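To start, the structure itself, in structure tokens.
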Amino acid sequence: MSREASPAADTEDVLLSFLDNDGAVVEAKRRFTTASFLAFVRTQEATRRDQQAPRWVWDDTASFYPNLLAADVRVQRCYDLRLSHTILRNSSLTRKSALAVAEPGVWDASPAAARVIRETGTALFDLQVELAPAPDPAAEFACQLAAVASSSEPRRIRLLLAAESAGALVAAEMRFAGLPWNTAAHEDLLARELGPRVPYGVRPDRLEQLAGTIRTLLGEATLNPDSQQDLLKALQNAGLQYGGLPLLSTQQWHLTEIDHPVIAPLLQYRKLSRLLSANGWSWLDAWIVEGRFHAEYLPGGVVTGRWAARGGGALQLPKQVRGAVVADPGWTFVVADAAQLEPRILAALSSDLAMARAGHGTDLYEGIVASGVVETRAHAKVAMLGAMYGATTGESGRLLPRLARAYPRALGLTEDAARAGERGDIVTTRLGRSSPRPSQAWMDAQAQAYAQSASNADERRARSQARDWGRFTRNFVVQGSAAEWALCWMAEIRKQLWLLEDETLAGFGRSPAAGRGRGLFGDAPHLVFFLHDEVIVHTPIALAGEVAAVVTGAAAAVGKLLFGTFPVDFPLTVATVQNYADAK
DNA sequence: GGCGGAGGCGCC
DNA sequence: AGGGCGCCTCCGCC
């Protein structure tokens, strides 16, 4: 639980400053102890709520903000130096800045390494970092402001840094609040599927039965179905084939194609075994505290700008267990997801009016069908995904030419991004996050293929690696720009919920700064879950309508923010439900 | 024993 | 021969 997740920093001075409404640094290079800082923030945030809030500038939201939350302090806005540094270091929009051309330093180290350096003054393994000067947030901040100012697109990069920083606040707050989780409902589900609870390491009844069935059907009395090697051998011995050849893998995808009595119980075994190991009783014990799942989100954890998560698999929550996500009594969930977000982002990025029009007022894939490009929604979807992921074969590959004829600008953008990657160039998202450069090994392999001594194998390998990297950059632009849309969406939702909270509290005759009855978020709606293109807000039932309006309004606002007057829609599917499983 | 790769599979 | 992740288990290796 987040209250004890981060070590208290009582002895550590924290250096902070904040920006006023015009972006000027009001207070810089002031050192606080944690206690005095808490008091200072309380005053600032309470007295300035009705104005534009200060933007706190600090080195690392993830290591610092949880302490504030634990002390019942929320801040409205911040600037995260660590996350911003990573963006500015790599962005093509700031490539000529002093920050981008400097040697790697402490701001390029991982958060854990940076913490070690901060606390001990030395790094354990990295000589280059060890020789770097101690981190100076004020100097770093000045360096970052200069990088932004030197950018060819300062508005975009500034927006990206603000969104990334707001995301860091949201991530810490969501972890702190936790996703409401009904342990009893989860246990019921496990008992229904697996049988009565068993100690760790023991196979539940239902799995034991299925294992017996599989052993009988394969004539292998001692087979362990958890061992891929044993299983594959047994399947081969039983004569199972795939495409006329002996089975080489036990993947679901291959097994489903095979007609044999063992397949059904085997797939069922796999499914339940997965449930047990990923979201079984041990998972409940480890991750659910007082009816909440406190997932740790990692903003900027994926190179494309998507979030990653650590612990409990928050971003892989199977549909199977979503029935355990239940709102508190008197509360409900507003669940919203952006419909066909990535293709809509692609349409806007490439200014493809025809594709944008196909998504106007309707399901984008249906719109593609209605335009006569392909026959079915399923075809439209697989073709679009193929365009964004770089499929070349199968149904997707066959449909691509038709898509390319109908939407030359959109498909041209994905092709250009792929070619750039194949050359070893970087690509950049809407707001300015750039892809990493390929590794030295990759560059060497490409150079090797042009050498006189190059063998056919060298050339094949180089071509294959070039195509792999091209698929990465092709996807990077779309996935990364979609991640920016989602970050801005969440930031806007958070801002509007904050305003809604102030109004509501004022309506009850309480001052916004007054203490709240139910912990940090009081009776206020707050974000509790995020999944790439989907959010959940936990809200008192009476406010659900207003929350739905906030979420919808935010999506519209963000479309304008990122793409101006380009006529692209970002429709949402919004559901107000007591139980996450009932959404969609 | 711990570590890490591979296989597999959950989410988008 | 389809992009991005995290996590679990098995299994070979040190």
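Residue numbers start from 1 in every chain, and the chains themselves are labelled A, B, ... in the order their sequence lines are given, proteins ahead of strands. Not measured: the values here are computed from a predicted model.
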In whole Å, what is the span from the [atom1] atom of [X] to the [atom2] atom of [N]?
X      : N      : atom1 : atom2 : answer
A:Q251 : C:dT9  : CD    : P     : 19 Å
A:L231 : C:dT9  : CG    : C1'   : 13 Å
A:W287 : C:dG6  : CH2   : P     : 13 Å
A:R398 : C:dG2  : CZ    : P     : 13 Å
A:L232 : C:dC11 : CG    : P     : 12 Å

So what does [X] touch, heavy atoms closer than 4.0 Å: a base, only the sugar-phosphate, or nothing?
X      : answer
A:R310 : sugar-phosphate
A:R463 : nothing
A:Q252 : sugar-phosphate
A:G394 : nothing
A:Q320 : nothing
A:R306 : base
A:R270 : sugar-phosphate
A:A314 : nothing
A:L341 : nothing
A:T250 : sugar-phosphate
A:V303 : sugar-phosphate
A:S249 : sugar-phosphate
A:Q228 : base

When you check the phosphate oxygens OP1 and OP2 of [N], does a side-chain N or O of [X] lie under 4.0 Å from one of them?
X      : N     : value
A:S273 : C:dT9 : no
A:T393 : C:dG2 : yes
A:Y200 : C:dT9 : yes

Point to revise | Given C:dG2, C:dC7, C:dC5, the nucleotide with the shortest approach to the side chain of A:A308 | key: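 So the nucleotide nearest the side chain must be C:dC5.
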Exercise for review: Go through C:dG2, C:dG4, C:dC5 for me and flag the one nearest to the A:A391 side chain.
Suggested key: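 So the side chain of A:A391 is nearest to C:dG2.
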Review point. For DNA chain B, which nucleotides open and close the run of contacts to chain A, 5' to 3', at under 4.0 angstrom from a non-hydrogen atom?
Key: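 The footprint of chain A covers B:dG7 to B:dC12.
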Review point. Which of these passes side chain to side chain contact (heavy atoms under 4.5 Å, CB included) with A:V537: A:L527, A:V335, A:V550?
Key: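 So the option named by the test is A:L527.
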Review point. Are any of the side-chain nitrogens in A:D226 or A:R203 under 4.0 Å away from the carboxylate oxygens of its partner?
Key: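 The answer is yes: the pair qualifies as a salt bridge.
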Exercise for review: Please determine, by modelled atom types, if A:T61 and A:D80 share a side-chain donor-acceptor pair under 3.5 angstrom.
Suggested key: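 There is such a pair (donor and acceptor under 3.5 Å, judged by atom type) between the side chains of A:T61 and A:D80.
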Practice item. Scan side-chain atoms only and decide if A:H379 and A:E395 contain a donor-acceptor pair under the 3.5 Å cut-off. Key: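 Looking only at side-chain atoms, A:E395 and A:H379 do form a donor-acceptor pair, the distance falling under 3.5 Å.
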Compile the donor-acceptor pairs under 3.5 Å between side chains in residues 311-327 of chain A and protein atoms, sequence neighbours left out, one pair per line.
{"residue": "A:R322", "atom": "NE", "partner": "A:L317", "partner atom": "O", "Å": "3.2"}
{"residue": "A:R322", "atom": "NH1", "partner": "A:Y580", "partner atom": "OH", "Å": "3.3"}
{"residue": "A:R322", "atom": "NH2", "partner": "A:L317", "partner atom": "O", "Å": "3.0"}

Point to revise | Main-chain N/O of A:T392 paired to A:S396 side chain as donor or acceptor, under 3.5 Å | key: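 Such a contact is absent between A:S396 side chain and A:T392 backbone.
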Check your understanding: Quick check: does any side chain N or O of A:S91 sit under 3.5 Å from a backbone N or O of A:L88, one acting as donor and the other as acceptor?
Key ->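 No: the side chain of A:S91 does not pair with the backbone of A:L88.
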Review point. Is the ring of A:Y389 stacked on the base of C:dG3, with centres less than 5.5 Å apart and planes under 30° off?
Key: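 It does: the ring sits over the base of C:dG3.
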Exercise for review: Determine whether the aromatic ring centres of A:W181 and A:W283 lie less than 6.0 Å apart.
Suggested key: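 Here the rings of A:W283 and A:W181 have centres that are less than 6.0 Å from each other.
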